[in-house]
S.K.: 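Right, I'll just put the structure down here and ask away after.
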2 protein chains.
Amino acid sequence: MDTLSRAGLSGAAVNELREEILEGRLNQGERLSEVSLSTTLGVSRAPIREALLHLEQEGLVVSLPYKGASVVSLSPQDFLELSTLRIALEKLAWARAMERITPEAIADLNAIIGEMEFAVKSDLKAKLVRLDLDFHERVFIMADHSRLYTAWTAIKWQVALFLLARRKKVDDYHNIIVEEHAELIQAILNRHDPDFERLIELHIGSGYGRLNSAGAGSPAEHPAAEHPAAGSPAASVSSAPAAR
Amino acid sequence: MDTLSRAGLSGAAVNELREEILEGRLNQGERLSEVSLSTTLGVSRAPIREALLHLEQEGLVVSLPYKGASVVSLSPQDFLELSTLRIALEKLAWARAMERITPEAIADLNAIIGEMEFAVKSDLKAKLVRLDLDFHERVFIMADHSRLYTAWTAIKWQVALFLLARRKKVDDYHNIIVEEHAELIQAILNRHDPDFERLIELHIGSGYGRLNSAGAGSPAEHPAAEHPAAGSPAASVSSAPAAR
DNA sequence: AATCTGCAGACTGTCGACAATCTACTGAAT
DNA sequence: ATTCAGTAGATTGTCGACAGTCTGCAGATT
């Protein structure tokens, strides 16, 4: 469906493991032993190690030296991080995509919206998440910015986990997905819409609001600072340095 | 000096190779054979492969399946990508850092500026680049956002290459570095300065302008689209998908 | 002369085994 | 009972060797 990324076995292991994580067959926080994975997937440890490194880069796996890897477990704090970073990346992506848009690209996006409408009618919830991701993926591709695309792939599958979690918790996804993405296409067409950045903040930030304070209306632009002092150890997901 | 990132040998190889690339002992575009590296550094191929993967993630190395790795060769197009993405990331970083700033952090930043002044007086050009990076590094750490920090590390050392290249080509670096960073600290202090985003665009984008059109004044916000149609193959640096 | 096929060399991808490290349990000392 | 050192097991980090793939050249064919 997307990046076959690397060569042979390690790439196959990446796709297989990613699918199992997104599908939920591998639970969040579950330990990923290299030997058991190598026997399960029928390859040696070398490609498994490489695959785990790649998945760690995608944020689906966390690993510590001599302690091994586990499936990531995303906290509300992590979802907030994803939301804020994604807004920053998509603002740049849309700005560039607007400059590079072609009629065929517009048609492709509209085709995805068409599939969304069908998926909504047929009640294919999982498919909706795929289409949502696919829609934004195309925008990042249109932006024609290799490093921006790399940054997107570093959070893309975590965003997928976020969307899947949201779908389970609050069920208004199908009510808004078609309309919101249609609005985004409109923003592309009126090229110099000065409010498109606000539109993106709403599109992404509101999803965060809907997940956390289920039902609360205001999306909240920067939903309050969470204790800048007295840093809670909190076992953060990534290798971020402590903020003093 | 900074992230000891991974365990033992692979981490050491990463630091060693990164230093050699930044130092210029490994030329841009030079092929990096795994066996020769392993004999040179005195370790087996396994940690070398892991180190090359890490350096590829940092954008200092590019590699193709069955074709091996080479030191990245940054084009003006790449510098433009770095500039635009970095602006997007730093806007978010500064916004969050402003909310979390502490007196000690301000003191640390001012201490760096003090070192910059000393380095300018002593004509330590390479040291200036390090201090510049260190300054921004601290801002990203203050932002307390693990994924944003990861995105920063994915371009940080390419930015280092950019700064080093700029230093060689145009020599007004020492004339502005102290003043510009002092302005940025001022922006933090007047917390809700509405123009801090513009200030960041200037600080980063102007450096790009100085490198490319050496001497041309206008930083240029989005320096024109470079042929969205008729994609030139152009051997782009990263694994970015072709824009249709 | 130009093009294609086949081979040789070098290189990366993968494998199985050994070394270094962590974890959890056992058992003695206080 | 609690604490701490020691040890056994399991797991990751590293190594050297084999297998698969690419690249360039030699020779044959048209």
S.K.: Assign a letter to each nucleotide of nucleotides 14-25 of chain D from its 5' end: B, base within under 4.0 Å of a protein heavy atom; S, sugar-phosphate only; -, no contact.
M.R.: BB-B---SSS--

S.K.: Looking at M142(B) and A105(B), what are the two nearest heavy atoms and their distance?
M.R.: SD-CB, 3.5 Å

S.K.: Using whole Å, report how far CG of L53(A) lies from P of dT12(D).
M.R.: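 Roughly 13 Å, once rounded to whole Å.
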
S.K.: Using a cut-off of 4.0 Å on non-hydrogen atoms, how would the nucleic acid contact of L32(A) be classed: base, sugar-phosphate, or nothing?
M.R.: sugar-phosphate

S.K.: Looking at side-chain heavy atoms only, is the closest gap between V71(A) and L60(A) below 4.5 Å?
M.R.: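 No, too far: nothing below the 4.5 Å cut-off.
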
S.K.: Provide, to the nearest angstrom, the distance between the CD atom belonging to E34(B) and the P atom belonging to dT14(C).
M.R.: 11 Å

S.K.: Please check if any side-chain donor atom of W152(B) sits under 3.5 Å from a side-chain acceptor atom of E137(B), or the reverse.
M.R.: yes

S.K.: If I take atom CG in residue L41(A) and atom C1' in nucleotide dT14(C), what distance separates them, rounded to the nearest angstrom?
M.R.: 15 Å

S.K.: How many whole angstroms separate atom CG of L64(A) from atom C1' of dC22(C)?
M.R.: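 Rounding to the nearest Å, CG of L64(A) and C1' of dC22(C) are 12 Å apart.
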
S.K.: How are the rings of H136(B) and W94(B) set relative to one another: parallel (under 30°), tilted (30 to 60°) or perpendicular (over 60°)?
M.R.: perpendicular

S.K.: Y173(A): which residues meet the ring pair (Phe, Tyr, Trp, His ring centres under 6.0 Å) condition with it, sequence neighbours left out?
M.R.: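 By the ring pair (Phe, Tyr, Trp, His ring centres under 6.0 Å) rule, Y173(A) matches no residue at all.
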
S.K.: Any side-chain to backbone donor/acceptor pair from Q158(A) onto A154(A)? Under 3.5 Å, distance only.
M.R.: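 Checked: pair present.
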
S.K.: So for the helix from dA1(C)-dT30(D) to dT30(C)-dA1(D), with five pairs setting each end axis, what is the inter-axis angle to 10°?
M.R.: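 That helix gives 10° between its end axes.
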
S.K.: Between S10(B) and H54(B), is the side chain to side chain donor-acceptor pair (under 3.5 Å) condition met? List the steps.
M.R.: CA-CA 9 Å; S10(B) 95; H54(B) 194 96; over 6 Å; no

S.K.: Which pair of non-hydrogen atoms, one from A143(B) and one from R96(B), has the smallest distance, and what is that distance?
M.R.: O-NE, 3.0 Å

